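Residues: numbered from 1 along the sequence shown. Being a predicted model, the structure only gives us computed values, none of them experimental.
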Amino acid sequence: MEEEVNITELIVNAINTIFQTIFSSIDNNLYSILDNITFINTDILNNSYFRNVFGTSTTNGILLIANSLILGFLLYYCIRLLLSNLLITHVERPTSFIFKLIIYGICMNSSIFICEQFIFFTSCLSSSMQEVGSNLFGTTISFSNLVDKLNTLIQIEENSFTIFSIDGLLKSVISISFFNLTFSYAIRYIMIKVFILISPFAFLSLSISTTSSFFKAWIKCFISLMLVQILVALVLLVIFSIDFSNNSIFSKFLICGAIFALLKANSYVREFMGGINTDLTNGFNGIRSFIK
């Protein structure tokens, strides 16, 4: 009987050690990554490879393809204008079309600058909220600093952590949620770059009424992806405003609720204004709904 107890104790200790190692690794590596991929600034564009793919001038990269489409749009309008005289259908005046083509052609070639300014504006808003929190609470509002706050509630030190407890279960939920959160925000990071790359085509689509819906879909998705970090900054402010000192079960469940809000931040923004879903489980459905 005593031998069975010893074996059970060894198994439990081994399980606790494994989970303790996993959670410690997540704490030491995951939170700093989250800061970099969540709070995006103009540094996302400061990559020579990305700039080369986008195009450093009108003669290379994505910009070359977009500028080539101007001739295609012009040919399309000429054919429509010719058919309108034969079929007696309404087509906008040539002067109006040429004016729009010039204006949106300029916007197309300046699209990376326009996206950069919006990213800068969003980054300033989220940074301002973090700065306000830093002044109020005397600590940096970030994921990397959040781990210290969480560990004051849930201890994972050696010989004191057990997975078979309320703290252990809460720590498991929090760690799994943050692991999911990392993938979700990594998808968001990549999709922001993708939408910047297709921005020239979005601006050019405004020159013809039949293709202008592409710009509406693009701008809605791009703005929703950027606004996520503002909501995340607000949620982090709420988390840091919670009293961690009393170590109560109420505070622990509030933290879990706040982390769930972080996990669903993109879904909340999407429900408010549309866009694509970057949740790990629904990412492909979000992309499919954007195409429709």
Side-chain angles (χ1 to χ4, degrees), residues 23-24 26-44 116-157 166-167 169-186 188-189 192 223-273 275 278-279:
F23 296 153
S24 297
I26 291 175
D27 290 345
N28 294 331
N29 299 289
L30 206 60
Y31 294 86
S32 58
I33 296 174
L34 271 172
D35 286 321
N36 294 330
I37 63 177
T38 303
F39 298 107
I40 293 173
N41 53 37
T42 53
D43 290 342
I44 193 175
E116 185 177 22
Q117 297 312 303
F118 186 79
I119 292 172
F120 175 75
F121 175 74
T122 308
S123 176
C124 285
L125 283 178
S126 59
S127 298
S128 298
M129 294 177 186
Q130 290 176 285
E131 188 66 27
V132 169
S134 297
N135 294 332
L136 289 175
F137 309 124
T139 183
T140 304
I141 307 301
S142 64
F143 286 105
S144 55
N145 198 35
L146 180 60
V147 63
D148 297 328
K149 293 290 185 180
L150 293 177
N151 285 340
T152 61
L153 282 178
I154 303 172
Q155 302 294 327
I156 61 170
E157 283 81 7
I166 292 295
D167 281 359
L169 292 175
L170 290 177
K171 184 62 180 178
S172 302
V173 170
I174 290 172
S175 297
I176 293 172
S177 297
F178 270 108
F179 199 73
N180 192 359
L181 201 65
T182 303
F183 279 103
S184 176
Y185 289 167
R188 169 181 171 264
Y189 186 93
I192 286 174
I223 291 177
S224 66
L225 287 171
M226 292 306 307
L227 290 182
V228 167
Q229 71 186 59
I230 297 177
L231 180 58
V232 169
L234 287 172
V235 175
L236 284 177
L237 278 177
V238 173
I239 293 177
F240 278 84
S241 68
I242 297 174
D243 184 11
F244 292 85
S245 60
N246 56 18
N247 201 28
S248 66
I249 192 68
F250 179 71
S251 298
K252 295 175 182 179
F253 276 98
L254 281 181
I255 290 296
C256 289
I259 291 174
F260 180 79
L262 288 173
L263 193 62
K264 303 298 291 183
N266 177 262
S267 297
Y268 297 149
V269 173
R270 183 171 178 264
E271 290 175 6
F272 177 71
M273 63 172 299
T278 60
D279 289 349

Student: Checking side chain to side chain contact (heavy atoms under 4.5 Å, CB included) for the pair Leu262/Thr38: CA distance, chi angles, key distance, verdict?
Tutor: CA-CA 11 Å; Leu262 288 173; Thr38 303; over 6 Å; no

Student: Just how far is it from atom CD1 of Ile40 to atom CD1 of Ile192, taken to the nearest 0.5 Å?
Tutor: 3.5 Å

Student: Walk me through whether Tyr189 and Ile44 qualify under side chain to side chain contact (heavy atoms under 4.5 Å, CB included).
Tutor: CA-CA 9 Å; Tyr189 186 93; Ile44 193 175; 3.7 Å; yes

Student: How long is the gap from OH on Tyr185 to CG on Asn36, to the nearest 0.5 Å?
Tutor: 14.5 Å

Student: What's the separation between atom OG in Ser126 and atom CG in Leu227, rounded to the nearest 0.5 Å?
Tutor: 10.5 Å

Student: So, Phe179 versus Phe183, ring centres under 6.0 angstrom or not?
Tutor: yes

Student: Before you tell me yes or no, could you show the steps for Leu236 and Phe143 under side chain to side chain contact (heavy atoms under 4.5 Å, CB included), namely the whole-Å CA-CA distance, both residues' side-chain angles and the distance that decides it to 0.1 Å?
Tutor: CA-CA 8 Å; Leu236 284 177; Phe143 286 105; 4.2 Å; yes

Student: Given 3.5 Å as the limit, does a donor-acceptor pair link the side chain of Ser123 with the main chain of Ile119, or not?
Tutor: no

Student: What distance do Leu125 atom CG and Gln130 atom CD have between them, rounded to the nearest 0.5 Å?
Tutor: 11.5 Å

Student: Verify side chain to side chain contact (heavy atoms under 4.5 Å, CB included) between Ser241 and Phe137, making sure each step is shown before the conclusion.
Tutor: CA-CA 7 Å; Ser241 68; Phe137 309 124; 3.6 Å; yes

Student: I'd like to know if the side chain of Asn145 pairs up with that of Thr140 as donor and acceptor (distance under 3.5 Å, no hydrogens or angles considered).
Tutor: no

Student: Rounded to the nearest 0.5 Å, what separates atom CD1 in Ile37 from atom CZ in Arg188?
Tutor: 9.0 Å

Student: Taking side chain as C-beta onward, heavy atoms only, is Phe39 less than 4.5 Å from Val232?
Tutor: yes

Student: Phe118: which residues meet the ring pair (Phe, Tyr, Trp, His ring centres under 6.0 Å) condition with it, sequence neighbours left out?
Tutor: Phe222

Student: Rounded at 0.5 Å granularity, tell me how far OG1 in Thr139 sits from CD1 in Ile141.
Tutor: 6.0 Å

